[in-house]
*Asks:* 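Mind looking over this structure? Questions follow.
For ligands, and for the atoms within them, numbers begin at 1 and follow the listed sequence.
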Amino acid sequence: MTLDQATIDRLAATPVPPQRLLIGGAWQDGSGAPMPVLSPIDGSRLTTLATASAADVARACADARAAFEDGRWSARPPAERKKVLHRLADLIDRHALELAVLGVRDNGTEISMALKAEPGSAAGTFRYYAEAIDKIHGEIAPTQANVLALVHREPIGVVGAIVPWNFPLMIGAWKIAPALAMGNSVVLKPAETASLTLLRLAELALEAGVPPGVFNVVTGPGAITGEALALSPDVDVLVFTGSGATGRRLLEYSARSNLKRCYLELGGKSPNIVFADAPDIAAAAKAAAMAIFRNAGQVCVAGSRLLVEASIHDAFIDALTRATTQMSVGNPLQLTSQIGAINSLTQLEANLRFVTDATAEGGELVTGGNRILADTGGYYMDPAIVTGVAPHHRLFRNEVFGPVLAVTPFSTEQEALHLANATDYGLAAGVWTGNLGRAHRMLRGIRAGVVHVNTYGGADITVPLSGTRQSGNGADKSLHALDKYTDLKTGWIQL
Ligand code: NAD
C-alpha cells in the first residue's frame, strides 16, 4: 500500500468517539470514571476510554467462560473457525490505513513503520494462525499393541491477555490469533495509552463473525482493570507483554487466585556487538542507530547497549553520531519523520532522567538527550548516545524503553561475551563480524531469545520471539506459540 500525506491528514482529522467496553458481544460503558486519552503528537485530548471495574471484568470473564463452555466457538468445525479468522485478516487489510493512523494518534509510532508493523503484521498473524487451525492435530503414541494411546490437543478455556503500548495491534494479534485459532475465548486488556486500535479490532472481529462473548475487551488502569483480570478465577491462562515489574505482580496474582499459568514477554537490555572485523563498518553504524532509535527506542528488542571493539571505537561513534543526527524527529504522522513521539509525558520524563543519571555516573553524552519540539505540546526527545557506560552504571543494567543508547568498549571476544551477558535480561542481541567461527561462538554463548548476525531486528511470524532469564518465558509467534493455548490430554484405551 502506498502512503500519501493528504490521505493520512484526512484520516487524522477524523474525531474519535468516546470508547466503550466489549463484553459478551455488547458495547457498554465502564463502571469507573472514563479516562482521557491524550495524543503524544501534541498533547491534545483525542477521546475517552471506559474504565472497567473489577465487577465489569468479572462479567467479561464469566461471559468468556460461558462462551467457551457452550461450544459456540470452541466446538465449531476447524474449517469454519479458519474462515472467520481469514475474514478478520481481510478486514484488517481493508482498514489498514485507518488503523495505522488511529494507532499513531494514540501511541506516537512513526506512520511508515506503524502501517507495516501494526495492521500489516496483525493481518499476517491472523492468516498464519488461521492456516494452522486444520493442520494441528493429535498423535497416536507408540505404546504396546493392546493399548491405543491418544494425545489430544485441546483448547485451555479462557485466555486473559494484557498488552503494552508499543505495537498494540501487532502484539495483541500475537496473542489473540493463536488463542482464538485453538478454540479459546479471550478477554483482552490493552494499555491505557494504546487501546484504540484494539477496540477497533474488536469491532472488526464481530463483523468477521467471531461469536459474541468469545472476544471481549476491557480497558482501564493496570492497577484496577488489569489486576482484576489477573486475579479472575475464570481465567485459565494469562498471556502478558510488558514490564518486569508488572510481570512479577501477575505471578503474585496467580498465586493468590487460581494458579493460572502466566506467560510473560518482558523487557530487554539487548547488546549490539560490533567487532573490528565486521564486513561493513559504515552499514553497521547505520544499523546500530536504527536498532535503538526506530520508534523512539520503544521496542522491546531495541539494541540499547552498543558494545564496540576498542580499536574502532572512536571512528565507529563518529559514524553512528552522523547517522543518528541525520534521523529527523517529529510529528509521527508526517511521512518525513523517522523518529516519532514518546508515548507519554511520564515516559519522556523517565527517559530524560536516565540521561541525567548516566552522565552523573560518569558517562559522556555525545549527542541528544533533551526534550525537543515542546512548543507543539507533544512529547519528543532527540536521540541520545552515551559513551563510557560501565557495567555497574544504571544505564548499562536497566531498560530505558526510550531513545537512549549506552556504549561500552571491549578488547577481546571473551570480554564482549561477558559484557553481553552481564545483565538480568535475555531478549535479543546483534553481532557484527566477518569471522564465521566467531559469529557461531557468540550466537551460542549469548543468552537471549534471538541473536542477529550482521543485521539487527529482522523478524517473521514463522520464528518465535521468546525471552530468557528476566525477559520472560514462553514464546509469541510461530507454531511454538500454540503450546500456550492448548492442553495435552492422553487417552489410554485398552484394546
Ligand atoms: P507495563 O508493564 O507498564 O504495562 C503493560 C500492561 O500491563 C498494560 O496494559 C498495563 O495497563 C498493565 N498493567 C500495569 N500494571 C498492572 C497490574 N498491576 N496488574 C495487571 N496489569 C497491569 O509495560 P508498558 O510500559 O506498557 O510496556 C513497556 C514494556 O513492555 C517494556 O518493558 C518492554 O520491553 C516490554 N515489551 C516486551 C515485549 C516482548 O515481546 N518481550 C514486546 C513489547 C514490549
Side-chain angles (χ1 to χ4, degrees), residues 35 40 49 51-52 54 57 106-109 117-118 121 160-175 187-195 198-199 217-232 235 238-254 256-257 260 262-270 292 295-304 342-344 346-348 350-351 398-402 423-428 448-450 457 459 463-478 481 484:
M35 303 167 67
L49 274 188
T51 294
V57 173
D106 200 13
N107 83 343
T109 297
E118 286 279 89
S121 157
I162 302 181
V163 296
W165 44 260
N166 69 323
F167 306 114
L169 261 188
M170 176 175 81
I171 293 173
W174 289 347
K175 313 215 186 269
V187 181
L188 172 75
K189 156 51 189 114
E192 298 84 315
T193 52
S195 294
L198 286 166
L199 287 160
V217 186
V218 289
T219 52
I224 298 173
T225 313
E227 178 176 316
L229 183 60
L231 283 169
S232 168
V235 171
L238 198 60
V239 289
F240 172 72
T241 295
S243 64
T246 306
R248 272 173 211 280
R249 287 202 188 97
L250 299 185
L251 293 172
E252 284 173 18
Y253 300 149
S254 166
R256 270 168 47 200
S257 55
K260 57 180 68 66
C262 292
Y263 293 105
L264 310 174
E265 302 291 334
L266 308 174
K269 191 76 198 181
S270 300
I292 174 66
N295 198 24
Q298 300 163 121
V299 178
C300 57
V301 294
S304 53
I342 306 298
N343 179 251
S344 66
T346 318
Q347 182 67 36
L348 171 61
N351 294 347
N398 296 345
E399 182 184 49
V400 179
F401 214 57
T423 72
D424 292 331
Y425 293 109
L427 194 54
V450 54
V463 290
L465 176 62
S466 52
T468 181
R469 307 161 92 193
Q470 291 188 30
S471 288
N473 62 319
D476 272 341
K477 302 166 56 197
S478 82
K484 301 199 288 197

*Asks:* Side chains of Pro168 and Asn107, heavy atoms from C-beta outward: is any pair under 4.5 Å?
*Replies:* yes

*Asks:* Would you confirm whether the ring centroid of Trp165 sits within less than 6.0 angstrom of the ring centroid of Phe401?
*Replies:*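 For Phe401 and Trp165, the ring centres are under 6.0 Å apart.
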
*Asks:* Give a yes or no on whether the backbone of Ser232 and the side-chain of Lys260 come within a donor-acceptor separation of less than 3.5 Å.
*Replies:* yes

*Asks:* Measure the CG-CG distance between Asn398 and Asp424 for me, rounded to the nearest 0.5 Å.
*Replies:* 8.5 Å

*Asks:* If you look at every heavy atom in Gln298 and Asn343, which pair is closest and at what distance?
*Replies:*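 Looking at all heavy atoms of both residues, the shortest contact is OE1-N, 2.9 Å.
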
*Asks:* At less than 4.0 angstrom from any atom of ligand 1, which residues have a non-hydrogen atom? List them by chain and residue number.
*Replies:*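 Shell around ligand 1 (4.0 Å, heavy atoms): Ile162, Val163, Pro164, Trp165, Asn166, Ile171, Lys189, Pro190, Ala191, Glu192, Gly222, Gly226, Glu227, Phe240, Thr241, Gly242, Ser243, Thr246, Arg249, Leu250, Tyr253, Glu265, Leu266, Gly267, Cys300, Glu399, Phe401, Leu427, Leu465.
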
*Asks:* Sub-3.5 Å donor-acceptor pair from the side chain of Asn473 to the main-chain atoms of Leu264, do we have one?
*Replies:*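 A pair under 3.5 Å: yes.
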
